[in-house]
Asker: 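The following block contains the structure, expressed as structure tokens.
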Amino acid sequence: MNGLMEKPTKFALCNALSSCAKTLNWHLGIQIHACLIRSGYEDNLFLSSALVDFYAKCFAIVYARKIFRAMKIHDQVSWTSLIAGFSANKQGRDALLLFKEMLGTKIRPNCFTLTSVINACVGQNGALEHCPSLHVHVIKRGFDTSNFVTSSLIDCYAYWGQIHDALLLFNEVSEKDIVIYNTMISGFCQNLYSEDALKLFVEMQEKNMSPTDHTLCSILSACSSLAVLLQGKQVHSLVIKIGSERNVFVASALIDMYSKGGDIDAARCVLDQTSNRNTVLWTSMIMGYAQCGRGLEAVELFDCLLTKQELIPDQVCFTAVLTACNHAGFIDKGEEYFNKMRTSYGLSPDIDQYACLIDLYARNGNLRKARDLMEEMPYDPNCIIWSSVLSACKIYGDVELGREAANQLIKMEPCNAAPYLTLAHIYD
DNA sequence: ATAGGGTTAG
């Protein structure tokens, strides 16, 4: 890259940029950018497209857009790279707008473009309305035979709860590969069609397709939802057979499956055998202890991890340990953890941790403290908070606060009859 | 020469 070297070819720079994009090598990529400017290649279409992709992949979407806008002509790759960049960057709206702009040009979208723009509809509020027209594009251009395009469509429909449409697409695929199966299985799981997920998993194996880590995660989550411990254990055997227990996502799914299936000790066993334990895994474990009524163990585990500095807790982790305090009635501990969030870890509590502490106070009859905290916190109380206040008011006979809680809940969920009933009990 | 699918968890 220094001036003494021979001038690199456009081809070499293009390949190098592509590698930098794939490996997220920012440092080298920007040097190549500088080099291609020095070499007078700035107007080269291929290199500019590769630059758009490089910056987009490295989350420098502003630069990607800048390069794209500076280009005099575009090709399918530069359009697609920027659309894909917006999608990956959770800027689905920008991806959809850019796609629309592309349709006004002479450059036609291809199956790479369609895959990218369909992905933009996942996780983007209100994007469901764009799906049918994108689907029409896919069919009109004959991309419906592409498994890449189809899997993104299946995923998109499943995300929006249109499991029937997803299944129609899935059934039409003539050569189903592992990603197509995984997408459909995961779609079933997301929509809590756990039985269907398991059936498809069996069908997949009958066709001699080997499950991947993705498959195992989905299937374990289906077993968790159904709380079918026996089936979950069979999947665990499969995990070991394939050698996927080192995958942290699989480990996480296993811990969750055992916790929800009621075998917390097996969950702990999985965790102990996992070499790269992270905050998510510890949090699952702490929550598992909390929810099966072993709050003391949850708190002891948490304290031990902090002492040994094996855990840097985040908000979700504090929610888990505060939940444990609630179930065990540890008021002082709960307050201590709540304060520690800010003082030791610089975390500002979010509404979930406030809800835990309010619940802890309320459950133990300290409605005054619960109410003070609600007024003091920087959030509007949600249903969870009003519900715990309401049940506490029922137990401790606080008519005035109980009436307010019931009214708030009725306002928030007019169709839910529960607050009316609880309120009636309070007046009794 | 450059671009695209499931990217998972608490």
Side-chain angles (χ1 to χ4, degrees), chain A residues 9-22 41 44-54 56-57 64 67 71 74-85 87-88 109-120 122 143 146-156 158-159 173 177-187 189-190 211-221 224 244 247-257 259-260 267 271 277-288 290-291 311 313-321 323 352:
Chain A
T9 66
K10 294 170 193 165
F11 305 96
L13 291 178
C14 203
N15 282 326
L17 271 176
S18 164
S19 304
C20 291
K22 284 188 188 102
Y41 297 152
N44 182 279
L45 175 62
F46 293 109
L47 284 172
S48 299
S49 299
L51 274 176
V52 172
D53 185 53
F54 164 72
K57 288 249 168 60
I67 302 278
M71 291 167 74
H74 296 118
D75 61 357
Q76 291 177 317
V77 180
S78 45
W79 282 105
T80 304
S81 296
L82 192 55
I83 290 170
S87 295
N110 60 17
C111 51
F112 288 74
T113 325
L114 262 310
T115 305
S116 304
V117 72
I118 290 163
N119 282 337
V122 175
F143 299 143
S146 156
N147 277 5
F148 280 77
V149 175
T150 307
S151 57
S152 59
L153 268 175
I154 292 173
D155 187 48
C156 181
Y159 173 82
V173 179
D177 61 21
I178 187 65
V179 177
I180 290 282
Y181 269 105
N182 283 349
T183 309
M184 194 64 230
I185 289 173
S186 143
C189 291
Q190 283 168 45
T212 64
D213 294 349
H214 278 98
T215 330
L216 296 169
C217 286
S218 298
I219 288 306
L220 286 168
S221 125
S224 302
S244 287
N247 179 304
V248 70
F249 296 104
V250 174
S252 171
L254 278 170
I255 291 168
D256 198 44
M257 183 274 293
S259 294
K260 295 217 173 78
L271 181 67
R277 281 159 241 167
N278 62 23
T279 307
V280 175
L281 295 186
W282 287 122
T283 303
S284 295
M285 198 63 237
I286 293 163
M287 197 54 126
Q291 286 174 337
L311 171 73
D314 59 11
Q315 275 116 327
V316 187
C317 194
F318 275 104
T319 301
V321 75
T323 304
D352 292 332

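Just so we're on the same page: letters track the sequence lines, and every chain starts at 1.
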Asker: Determine, answering yes or no, if A/H214 is stacked on B/dT7 under the 5.5 Å centre rule and the 30° plane rule.
Answerer: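 No, A/H214 does not stack on the base of B/dT7, since the centre distance and plane angle fail the 5.5 Å and 30° test.
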Asker: Does A/S18 make a side-chain N or O approach to OP1 or OP2 of B/dA3 shorter than 4.0 Å?
Answerer: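 Checking B/dA3 against A/S18, a side-chain N or O does come within under 4.0 Å of OP1 or OP2.
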Asker: Roughly how far apart are A/M287 CE and A/T323 OG1, rounded to 0.5 Å?
Answerer: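 So the gap between those two atoms works out to 4.0 Å.
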Asker: For A/N44, report the nucleic acid contact type (base, sugar-phosphate, nothing); a contact means any heavy atom under 4.0 Å.
Answerer: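 It contacts base atoms.
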Asker: In whole angstrom, what separates A/L254's CG from B/dA9's C1'?
Answerer: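 Taking CG of A/L254 and C1' of B/dA9, I get 12 Å after rounding.
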Asker: Any base atoms under 4.0 Å from A/S218, or only sugar-phosphate, or nothing? Heavy atoms, all strands.
Answerer: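 The answer is nothing, as A/S218 stays clear of every strand by at least 4.0 Å.
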Asker: Kindly say if A/N15 contacts the phosphate of B/dT2, meaning a side-chain N or O under 4.0 Å from OP1 or OP2.
Answerer: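 A/N15 to B/dT2 OP1/OP2: side-chain N or O found under 4.0 Å.
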Asker: Need one value for A/T319: base, sugar-phosphate or nothing, where a base atom within 4.0 Å counts as base even if backbone is also close, heavy atoms only.
Answerer: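 Nothing, no heavy atom under 4.0 Å.
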Asker: Counting the atoms with a prime plus P, OP1 and OP2 as sugar-phosphate, which does A/N119 contact under 4.0 Å by heavy atoms, base, sugar-phosphate, or nothing?
Answerer: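 The answer is sugar-phosphate, as A/N119 gets under 4.0 Å only of primed atoms, P, OP1 or OP2.
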Asker: Tell me which nucleotide among B/dT2, B/dG5, B/dA9 gets nearest to the side chain of A/S151.
Answerer: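 Out of B/dT2, B/dG5, B/dA9, the nucleotide with an atom closest to A/S151's side chain is B/dG5.
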Asker: Can you check whether A/F112 stacks with the B/dA3 base, using ring centres under 5.5 Å and planes within 30°?
Answerer: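 Aromatic stack with B/dA3 present for A/F112.
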Asker: With respect to the phosphate group of B/dG4, does any side-chain polar atom (N or O) of A/K57 fall under 4.0 Å of OP1 or OP2?
Answerer: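 Answer yes for this pair, as a side-chain N or O of A/K57 is under 4.0 Å from OP1 or OP2.
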Asker: Taking CD1 from A/I255 and P from B/dA9, how many angstroms apart are they, rounded to a whole number?
Answerer: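 In whole Å, B/dA9 P and A/I255 CD1 are 14 Å from each other.
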Asker: Mind checking salt bridge (Lys or Arg N to Asp or Glu O under 4.0 Å) for A/D256 and listing every partner two or more places apart, or none if nothing turns up?
Answerer: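 A/D256 satisfies salt bridge (Lys or Arg N to Asp or Glu O under 4.0 Å) with A/K260 only.
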Asker: Please confirm whether any donor atom in the side chain of A/D314 sits under 3.5 Å from an acceptor in the base of B/dG10, or the reverse.
Answerer: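 Flag set: donor-acceptor pair detected.
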Asker: Would A/F46 count as stacking on B/dT2 if stacking means ring centres less than 5.5 angstrom apart and planes tilted under 30 degrees?
Answerer: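 No, A/F46 does not stack on the base of B/dT2.
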Asker: Heavy atoms, side chains only, cut-off 4.5 Å: are A/L13 and A/Y41 in contact?
Answerer: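 Yes, side chains in contact.
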Asker: By the 4.0 Å heavy-atom rule, please label A/S49 as base, sugar-phosphate, or nothing.
Answerer: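 If one applies the 4.0 Å heavy-atom cut-off, A/S49 turns out to touch a base.
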Asker: Nearest to the side chain of A/V179 - B/dA1, B/dT8, B/dG5?
Answerer: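 Nearest listed nucleotide: B/dG5.
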Asker: Dump the intermediate steps for side chain to side chain contact (heavy atoms under 4.5 Å, CB included) on A/T115 and A/N119, then the final yes or no.
Answerer: CA-CA 6 Å; A/T115 305; A/N119 282 337; 4.3 Å; yes
Asker: Evaluate whether the aromatic ring of A/F148 and the six-membered ring of the B/dG4 base sit under 5.5 Å apart, centre to centre, with an inclination under 30°.
Answerer: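 A/F148 vs B/dG4: stacking yes.
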Asker: Tell me, do A/M184 and A/D155 make a side-chain contact under 4.5 Å, heavy atoms counted?
Answerer: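 Contact flag for A/M184/A/D155 side chains = no.
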Asker: How would you label the contact of A/S284 with the nucleic acid (heavy atoms, under 4.0 Å): base, sugar-phosphate, or nothing?
Answerer: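 Since only primed, P, OP1 and OP2 atoms lie under 4.0 Å of A/S284, the category is sugar-phosphate.
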Asker: Tell me: NZ of A/K22 to P of B/dA1, nearest whole Å?
Answerer: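 These atoms are roughly 14 Å apart.
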Asker: Atom CD1 of A/I180 and atom OG of A/S151: how far apart are they, to the nearest 0.5 Å?
Answerer: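 Separation between the atoms: 4.5 Å.
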Asker: Using only heavy-atom distances, decide whether a donor-acceptor pair under 3.5 angstrom links the side-chain of A/S252 to the base of B/dA9.
Answerer: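 Yes.
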Asker: Pick base, sugar-phosphate or nothing for A/T212, based on heavy-atom distances below 4.0 Å to the nucleic acid.
Answerer: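 Base, at least one base heavy atom under 4.0 Å.
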Asker: Applying a 4.0 Å non-hydrogen cut-off, can you work out what A/I180 is touching in the nucleic acid: base, sugar-phosphate, or nothing?
Answerer: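 Base, at least one base atom sits under 4.0 Å.
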